[in-house]
4 protein chains.
Amino acid sequence: MIINKNSPYPFYEQVVLGIKEDIVQGIFQPGDKLLSVREMASVLMLNPNTVSKAYKTLESEGVIVTVRGKGTFVSDKQQRHYRNEQQVGKLKEALEKIVIEASYLNVSLPELQSWLAEISEGLGGNSDGSKKSSEDN
Amino acid sequence: MIINKNSPYPFYEQVVLGIKEDIVQGIFQPGDKLLSVREMASVLMLNPNTVSKAYKTLESEGVIVTVRGKGTFVSDKQQRHYRNEQQVGKLKEALEKIVIEASYLNVSLPELQSWLAEISEGLGGNSDGSKKSSEDN
Amino acid sequence: MIINKNSPYPFYEQVVLGIKEDIVQGIFQPGDKLLSVREMASVLMLNPNTVSKAYKTLESEGVIVTVRGKGTFVSDKQQRHYRNEQQVGKLKEALEKIVIEASYLNVSLPELQSWLAEISEGLGGNSDGSKKSSEDN
Amino acid sequence: MIINKNSPYPFYEQVVLGIKEDIVQGIFQPGDKLLSVREMASVLMLNPNTVSKAYKTLESEGVIVTVRGKGTFVSDKQQRHYRNEQQVGKLKEALEKIVIEASYLNVSLPELQSWLAEISEGLGGNSDGSKKSSEDN
DNA sequence: GTGGTCTAGACCACT
DNA sequence: GTGGTCTAGACCACA
């Protein structure tokens, strides 16, 4: 995971997304222990408060669970993979925004579609146990 | 155009997006005069400064042009439709974020693809003169 | 004289400058009669109020004089060519601003100097009677 | 930096220019942290919003970068020193205006040239590390 | 009438 | 602490 300090996205959101990405890719499996807030902060060169906020966000979304005195773990699949229609709505809205912006940047629909396929391919929605290398994250 | 006062997006960004959407849909044509800052503010129940900020943002993106003492107008297509690769990169990144979130919400790739098609259809990249009713905005 | 309706400069200032330019170039001589406000407005496709404001500005600077019932005339040289140190100060300040901006645009000093020479050449500070064609103004 | 509250230039533009000047003179170096919006506002006796607007303008020009929650910093030279021909055109136009006004104030070309040399000397396009005192600002 | 600038003061997100 | 957003209301320049 890399934090882009010049990104318009807040650091903590980048952490949230990065961890989700790792889980989607199967790098992290349910039950795996995450780095502690301090370790993660050290690795990413962020303020521990920032990492803490990210963990809290993930926990509120049910993605991870914190066990006092033990650490933070990736929660079970069932717990996270429920379909919140409200959030689905937001997602659709975000996609709509992208389509409008794309139109302004001369990015065609087929191009968007190919991006979509390409990204999905890259993430590899593999929910099986095959881990991917994460050396450069 | 409706401003969602509970949205996490700033009002002025919603205005920016809304106007872009109207232009993409052909409701606004190049050369058309937008509502004045005050009128728009009144219609949307926003502070004129907020609308002004949106207009300035759109102007800096080349979407509209303001003529002092006259008003604000939709600029010519040629002027806005250049392809800024940096912004295209951002767009792709945003799409990536969506794919990850989708995976989390149990939204499948085919579903995303169908959304994409559906949204594009709805906007209808019609660059001809046929205006669409704006009732459904 | 051409009014650039997309220029950041106000129309009336462009008119002021344009007339001064014509006088500097010798197209207008002391005593010459200017177009009436209405004629000038018609020629330049401007609102008469705008031209009127330009004329008033020029008159307050002593560049032209208005004779009631007769029209507006270029004033005598002596009257206009006095050296107002306050305005000279402003001029110097404006030049300073240009130098700073130039530095930001990678425009070197020699380049600025050559521009200066070139522009002066173009205007041709000819105070003799030789008129220049003004067809394209 | 001094804000002239009687100047025809907007405050925020004066701030923009003043900061650029400081950078050109080497008082501010790439990476240096600017005063916070509130501090600068306090020092200049302006409203924070006005300073904020200046900072945003500078950021949009690539002169400075803001890091959320951290502050505002002078950006790297490479990032800002690209040559935008459109802006160069504006610069030339501004110089032209000055030449015309100069002619009206009996300021000769040689005098303008000496001003130019003098100003450049004063700013001293020193890109080395030698800071200048800012007492005379 | 138009948009542009400025102020004062509030609240929020981020570090 | 930082900057970002929003409001309310004032004044000005321009057409």
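So you know, we letter chains A, B, ... as the sequences are listed, proteins then strands, and number each from 1.
- The CD1 atom of B:Ile3 sits 8.5 Å away from atom CE of B:Met40, with the distance rounded to the nearest 0.5 Å.
- In this structure, the NZ atom of A:Lys56 is 14 Å from the C1' atom of E:dT15, given to the nearest Å.
- The nucleotide whose nearest atom lies closest to any side-chain atom of B:Lys5 is, among F:dA15, F:dT2, F:dT7, F:dT7.
- Atom CG of D:Asn6 and atom P of F:dC12 are 13 Å apart (whole Å).
- One atom, OH of D:Tyr9, and another, C1' of F:dA13, lie 16 Å apart when rounded to the nearest Å.
- Panel note: side chain B:Thr50, backbone B:Tyr12; no donor-acceptor pair is recorded below 3.5 Å.
- Looking at A:Val16, A:Leu44, A:Leu46 one by one, the single match for side-chain contact (heavy atoms from CB on, under 4.5 Å) with A:Phe11 turns out to be A:Leu46.
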Kindly list each side-chain donor-acceptor pair under 3.5 angstrom involving residues 90-101 of chain D, sequence neighbours excluded, with atom names and distances?
unit_1   : atom_1 : unit_2  : atom_2 : d
D:Lys97  : NZ     : C:Glu13 : OE1    : 3.3
D:Glu101 : OE1    : C:Lys20 : NZ     : 2.9
D:Glu101 : OE2    : C:Lys20 : NZ     : 3.0

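- Applying the 4.0 Å criterion to OP1 and OP2 of E:dT2, one finds that B:Thr72 has every side-chain N and O outside that range.
- Residue D:Ser36 places at least one side-chain N or O closer than 4.0 Å to OP1 or OP2 of F:dT2.
- The distance between atom CD1 of C:Ile3 and atom C1' of F:dC14, rounded to the nearest whole Å, is 14 Å.
- C:Lys53 has a side-chain polar atom (N or O) that falls below the 4.0 Å cut-off from OP1 or OP2 of F:dC14.
- Put simply, CD on B:Glu59 is 10 Å from C1' on E:dG3, counting in whole angstrom units.
- Looking at DNA chain E, the stems built from 3 or more consecutive Watson-Crick or G-U wobble pairs, each pair with its key distances under 3.5 Å, are E:1-14 with F:1-14.
- If you measure from atom CG of B:Asn4 to atom P of F:dC6, you get 12 Å, rounded to the nearest angstrom.
- Under a 3.5 Å cut-off, the side chain of C:Ser103 and the backbone N or O of D:Val24 do not form any donor-acceptor pair.
- Side chain of B:Ser75 to backbone of B:Gly62: a donor-acceptor contact under 3.5 angstrom is found.
- C:Thr57 pairs by the side-chain hydrogen bond (donor to acceptor under 3.5 Å, both in side chains) definition with nothing, not counting sequence neighbours.
- Here the OG1 atom belonging to D:Thr72 is positioned 12.5 Å from the CG atom belonging to D:Asp32, to the nearest 0.5 angstrom.
- Along DNA chain F, the nucleotide nearest B:Arg38 and the nucleotide nearest B:Gly69 are compared for position; the residue whose nucleotide lies closer to the 5' end is B:Arg38.
- For B:Lys70, the side chain to side chain contact (heavy atoms under 4.5 Å, CB included) criterion is met by B:Val67, B:Phe73, not counting sequence neighbours.
- If you check residues 10-20 of chain A against DNA chain F, you find no residue with a heavy atom closer than 4.0 Å.
- Remark: C:Thr66 OG1 to C:Tyr55 OH distance equals 9.0 Å, nearest 0.5 Å.
- The line from CD of C:Glu59 to CD1 of C:Ile64 is 6.0 Å long, rounded to the nearest 0.5 Å.
- Remark: D:Leu46, D:Asn47, D:Asn49, D:Thr50 in residues 43-51 of chain D come within less than 4.0 Å of DNA chain E through at least one heavy atom.
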